[in-house]
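Working notes, beginning with the structure itself.
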Amino acid sequence: MDEKYFPEKIEEKWQRIWAETGAFEVEPGDDADARPKFFCLEMLPYPSGFLHMGHVRNYSIGDALAWHKRLQGFNVLHPIGWDSFGQPAEQAAIKRGVQPREWTEDNIAHMRGQFKRLGISFDWRRETAAHRPDYYKWDQWFFLKMLERGLIYRRTSPINWCPKEETVLSNEQSSGGVCWRCGTPLEKRDLEQWFIRTTQYAESLLADMSQIEAGWPERVLTMQRNWIGRSEGAYVDFQIKESETKVRVFTTRIDTIYGATAIVVAAEHPLLNELEESPLKASVMAFVARVKAERASRAASAPGEEEEKEGVNTGLFAVNPFSGEQMPVWVANYVLIEYGAGAVMAVPAHDARDFEFAQKYSLPVRRVIERVSHEQESIPHTDAAGLDQSAAMPHAFTDYGLLVNSAEWGGKLSHDAMREMAAFADERGFGGGAVTYRLRDWGISRQRFWGAPIPVVYCDDCGIVPVPEADLPVLLPERAEFAGAGKSPLANVAEFVNTSCPKCGRAARRETDTMDTFVDSSWYFFRYCDPHNDAAPFDTARVAYWTPVDHYIGGIEHAVMHLLYARFWTKMMRDIGLVTFDEPVRNLLTQGMVTNVVEGTGEWKAMSKSLGNGIDPDEMIEAYGADAVRLFIMFAAPPENELRWLETGIEGAVRFLRRVYNFIWRWRDSLTDAPKVAPDAGEFSEAARVLRRKTHQTIARITQDFAELHFNTSIAALMELMNALGDFDVRPESATEADKFAVREALEALILMLAPFTPHVAEELWESLGHAGGLLGSGARWPVADAELARKEALEIPVQINGKLRGRIQATPETSEDELRAAALADEKVRAHMEGRQVVKVIIVPQRLVNIVVR
RNA sequence: GCGGGAGUGGCGUAAAGGGCAAACGCGUCGGUCUUAAAAACCGAUCCUCCGGGGUGUGGGUUCGACUCCCACCUUCCGCACCA
């Protein structure tokens, strides 16, 4: 130990020791190992080349938890890996001619160094990287398993296309009509794609949320719930007049079906192909073409903004199977082919969108639901005319209520009618109750090079042939040309494309699309449990030991995409017998952004290159040390809040660490012979008792704070303990045995509770107090509070008059209520305020306060 | 529009079984040390007409409300023509 705190020296020293001793390397405990396991996971980074402050925050939080659990005696798995497939590597290849593999490996090497300089306690032997064949082999293996089970299929469908990245995106990645990565407005294209049948798990993705409700943030659960978008309703088939064809619609309001005055289908609806040649058909086709063109360039309408509803009459008529009534069939831009049945019954009186549409095109508005009033028990009168009351309805009435103008259903309540009418439709064979989801199947084809090749072969004779498991991995070629547009660069690599059919042996072509990188990140944490297995994605026993993940920490931006896919993957793995539980993650923490002032505007925005408000973690580590940077980040705000970067804040962190260091330097020699066992209570001076009380109160408080992830208040409590040590007015040279014991006790607790935030300096200080082998090697344990020692001896009880603070009285925890009352009423200040008033009653809250009510 | 959060000093924040509002830190001001400065240390720091008043606004419940109830305002986030 040096006389002064030199973070650089201490940090290098302990990073070296940790690496040499394998301090954070763990194996599953055997039967004799009584320690419980703890899987501490942070979302794996994309190897962009540089850690940013958001990373520093993410991994500082995880590391604090990992250290805390280790010190509490858990067997802690804390791994790291790289989400190393993806666009930026390919962009670098296009822009700078460097191959994605080299670029990625260089970036990983650099970032690994940064992680080590930060001193994050990873088990580095378990490092994985998606772009390495020993990893993506298992992506391909899972693909084949799902293909076998019908969980993967191929179809042509309109998809979201990012013109900048020249690839397809999944629904989750197209939120708001822009690319999740680059923000470019998306186009719609028709392409043949591979899909994972995530919708098959829609119900259990929703239902199993009850298992994780306690450990996941409300807003993440809400976002997932909304994304899955379960909606209960009914299908109804409308016969097309003078045709064999039926049009199926989905509705959540079958109770309003007597109010339907049109059928409206999406522009892509197959019915439109059946139109007879006519002037009407020409106008429908022109309309459809226009709608498709508008959707192809979403830039035309700002994403998120509703387009004006437009449509044209097809000239067809459909028959309402309930009433036998005919109504025109329209095509309109506000009906989506992807949702429900791609067609709706328009009920202008009871749906805001249909109302708007009906107003514009003068469709009849027929009211069939009345408000239920409490006074009015009888059924409201039915309007015999019924039709076209649009003048009477300024807007749609969308509430539930009482059915009117609905033949024999009139007089029923909406909820009863919905159930009974769906059953009726089912009986008669023209519909029935149904549940639909907003969730779409997961399109995983990407027309890009830098991803896991999809392991199928196209044979002219045999069709689509899966690559046999024994032939995995399908290796990505070393090099490719990246200039292509609209086609995977793999298509230009002849050695890759040309192969032989695994079935018939004749010449065949490989699939040239690669998998969405979210496939890689859907199961990586299972691979951490057994990262070098070359016979299976992992050994099920090892995974059974470590998983589910006990705590997962990452950004809110993955609330839907990654976390939904990972949940799906777990259920799929459960169904093929690889795991035995439903949910992969017990507790989730979504950390807030790290922001900094944008020069010129004074606004706090997330650090980013384009805004020029980024702070380089390396520079901060160099200037203040990794410990201080981490301490500040954990102290400045609760983990889920935005964190505003303040350099003066780090200076404060350094100041605190220096105070701790200097204090220990001064006391170190005197403490070597401090008693190991607590002297008798009588030996301690008043000051030493106060210090011990603070020590034990702090332990209790911080232990509680850690359980609730209140790291910022933990650090505040550590600072208070340090302040108490500073106030301990005894010099080391004149300290009694009992004083030394009290100081040593306080310091050891301080060091141990500092370790999760500032592990390097904690190690150094721990060693300076005579412990060999490092914090973990010396068997150090998280301190335990002694409730008796933490108990307050003297209390200052506030006295209120009518709820206003008027005085204070001295008491102990044992002072009786009568004594408190007497002391309060006798207090001089209190009496001054009571002059001329009459005491109505006295409220006494033991150990807290006295309130005198006067009149 | 639907859904989920959040409003406390100059700033980050603390106080959830209703009971002393502002712990801890940043900043600012003053002091000690120094030829000077930095660092370090010590002290002050919600407002106040010194009666009091203060937790976005207005009501309510209570002996007592940052905390509970009602209405509203502001703000952040997610989804958004989902039938």
Side-chain angles (χ1 to χ4, degrees), chain A residues 175-177 217-227 229-231 233-234 249-254 256 264 266 303-309 332-336 338-347 350-354 356-357 398 436-440 556-557 559-560 590 592-593 604 631-632 635-638 640-653 655-656 658-659 662 701 710 712-723 726 796-808 840-855:
Chain A
S175 205
E218 187 55 45
R219 65 167 172 157
V220 174
L221 294 170
T222 305
M223 280 163 76
Q224 293 219 355
R225 236 175 248 127
N226 291 345
W227 190 262
R230 184 180 199 275
S231 150
V249 303
F250 176 73
T251 175
T252 53
R253 292 298 303 273
I254 194 172
T256 65
V264 187
E305 225 168 84
E306 258 177 43
E307 282 172 273
E308 169 136 17
K309 292 181 180 43
N333 61 350
Y334 76 98
V335 176
L336 310 172
E338 311 92 80
Y339 185 76
V344 302
M345 58 177 203
V347 184
H350 303 292
D351 182 282
R353 294 154 303 182
D354 297 340
E356 192 189 325
F357 190 68
T398 57
T436 59
Y437 297 92
R438 207 184 81 109
L439 183 71
R440 299 272 72 93
I556 187 71
E557 67 274 19
V560 173
T590 48
M593 288 187 305
W604 293 86
L631 185 68
F632 166 69
F635 175 61
E640 57 280 350
N641 280 25
E642 168 190 338
L643 189 155
R644 297 186 165 192
W645 188 259
L646 264 189
E647 197 143 337
T648 51
I650 310 191
E651 286 165 14
R655 222 163 7 238
F656 167 67
R658 209 181 283 136
R659 283 179 70 205
N662 292 343
R701 182 172 156 195
H710 295 162
N712 53 330
T713 50
S714 295
I715 294 167
L718 289 172
M719 289 171 168
E720 280 187 59
L721 180 58
M722 184 58 230
N723 291 345
E796 200 176 52
I797 305 286
V799 180
Q800 299 180 333
I801 293 176
N802 289 348
K804 287 196 173 124
L805 181 68
R806 294 304 186 196
R808 296 171 193 284
V840 178
K841 70 171 159 180
V842 179
I843 287 152
I844 296 166
V845 184
Q847 300 193 42
R848 292 218 89 121
L849 65 46
V850 177
N851 187 17
I852 302 166
V853 185
V854 300
R855 195 168 46 201

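- In this entry the distance linking CG of Leu849(A) with C1' of U62(B) reads 14 Å, nearest Å.
- Within 4.0 Å of Val344(A), counting heavy atoms only, lies at least one base atom of the nucleic acid.
- Residue Met719(A) has its side chain nearest to G25(B) when only G25(B), A40(B), C20(B) are considered.
- Summarising the geometry, the separation between CD1 on Ile650(A) and P on C11(B) is reported as 21 Å, rounded to the nearest angstrom.
- Using a 4.0 Å cut-off, no side-chain N or O of Asn662(A) falls inside it from OP1 or OP2 of A40(B).
- Summarising the base pairing, U32(B) is matched to A40(B) through a Watson-Crick or G-U wobble pair whose two defining distances lie under 3.5 Å.
- Glycosidic conformation of G12(B): anti, with the torsion beyond 90° of 0.
- With both pairing distances under 3.5 Å, U13(B) is matched to nothing as a Watson-Crick or G-U wobble pair.
- Of the candidate nucleotides C20(B), A83(B), U13(B), C20(B) has the atom nearest to the side chain of Arg808(A).
- Under 4.0 angstrom from either OP1 or OP2 of A14(B) there lies at least one side-chain N or O belonging to Asn712(A).
- Phe357(A) has its side chain out of reach of Asn333(A): every pair of non-hydrogen atoms, C-beta onward, lies at least 4.5 Å apart.
- Among the nucleotides A14(B), A83(B), G27(B), the one closest to any side-chain atom of Pro638(A) is A14(B).
- When distances are taken from the side chain of Asn723(A) to each of G25(B), U13(B), G4(B), the shortest belongs to G25(B).
- One P atom belongs to G43(B), the other to C24(B), and the distance between them is 12 Å to the nearest Å.
- Nearest-nucleotide positions on RNA chain B for Lys804(A) and Glu642(A) put Glu642(A) closer to the 5' end.
- For Arg438(A) against C79(B), no side-chain N or O and base N or O form a donor-acceptor pair under 3.5 Å.
- To the nearest whole angstrom, the two C1' atoms, one in C66(B) and one in G56(B), are 12 Å apart.
- Nucleotides A37(B) and G52(B) are separated by 44 Å at their P atoms, to the nearest Å.
- Across all strands, Glu338(A) comes closer than 4.0 Å to no nucleic acid atom at all (heavy-atom distances).
- Using a 4.0 Å heavy-atom cutoff across all strands shown, Gly229(A) reaches no nucleic acid atom at all.
- To the nearest angstrom, P of G25(B) lies 20 Å from CD of Glu647(A).
- Contact annotation for Leu336(A): base contact, defined as any heavy-atom pair under 4.0 Å involving a base atom.
- Shown here is Arg225(A), whose CZ atom has more than 12 heavy atoms of other residues, nucleotides or ligands within 6.0 Å.
- With values rounded to the nearest 0.5 angstrom, Gln800(A) atom CD is found 9.5 Å from Ile843(A) atom CD1.
- Here Arg806(A) reaches the OP1 or OP2 of G52(B): one of its side-chain N or O atoms lies under 4.0 Å away.
- Computed from coordinates, the Met593(A) CE to G78(B) P distance equals 9 Å when rounded to whole Å.
- Rounded to a whole angstrom, the distance from the C1' atom of C46(B) to that of G9(B) is 5 Å.
- Counting to the nearest Å, the P atom of U13(B) and the CG atom of Leu643(A) are 8 Å from each other.
- The side chain of Trp227(A) has C79(B) as its nearest neighbour among G19(B), C77(B), C79(B).
- At a cut-off of 3.5 angstrom, counting only N and O atoms as typed in the model, there is no donor on one side facing an acceptor on the other between the side-chain of Lys841(A) and the base of C63(B).
- Of the candidates G12(B), A83(B), G78(B), the closest approach to any side-chain atom of Arg644(A) belongs to G12(B).
- Looking at heavy-atom distances under 4.0 Å, Arg659(A) makes contact with sugar-phosphate atoms alone, never a base.
- Backbone-only engagement by Asn641(A) is indicated by non-hydrogen atom pairs under 4.0 Å involving sugar-phosphate atoms exclusively.
- Across the interface with RNA chain B, nearest-nucleotide mapping of Met345(A) and Asn802(A) shows Asn802(A) to be the residue nearer the 5′ end.
- In summary, Glu720(A) and Arg701(A) engage in a salt bridge, as defined by a charged side-chain N under 4.0 Å from a carboxylate O.
- Of the candidates G5(B), A14(B), G25(B), the closest approach to any side-chain atom of Glu218(A) belongs to G5(B).
- Heavy atoms of Val335(A) sit under 4.0 angstrom from at least one base atom.
- Regarding the sugar-base torsion, G51(B) falls in the syn class, its angle being within 90° of 0.
- In this structure, of A14(B), G19(B), G27(B), it is A14(B) that holds the atom nearest to the side chain of Thr713(A).
- As a whole-Å value, the separation of Asn226(A) CG from G3(B) P is 9 Å.
- Note on ring orientation: taking the six-membered ring where Trp is involved, the planes of Tyr339(A) and Phe250(A) are perpendicular (angle over 60°, cut-offs 30° and 60°).
- Closest to the Thr222(A) side chain, of the nucleotides G27(B), G4(B), A83(B), is G4(B).
- Judged by distance alone, with hydrogens and angles left aside, the side-chain atoms of Asp351(A) form no donor-acceptor pair with the main-chain N or O of Ala346(A) at under 3.5 Å.
- Rounded to an integer number of Å, the gap from CE of Met722(A) to P of C24(B) is 14 Å.
- Summarising the base pairing, G78(B) is matched to C2(B) through a Watson-Crick or G-U wobble pair whose two defining distances lie under 3.5 Å.
- Put simply, the side chain of Phe632(A) reaches to within 4.5 Å of the side chain of Leu643(A), judged on heavy atoms.
- Put simply, the side chain of Arg440(A) gets close to the backbone of Glu338(A): a donor and an acceptor are under 3.5 Å apart.
- Relative to the side chain of Phe635(A), the nucleotides C20(B), C26(B), G25(B) differ in distance, and G25(B) lies closest.
- On the C1' atoms, U55(B) is 41 Å away from C33(B), given to the nearest whole Å.
- The CD1-P distance, from Ile801(A) to C63(B), rounds to 17 Å in whole Å.
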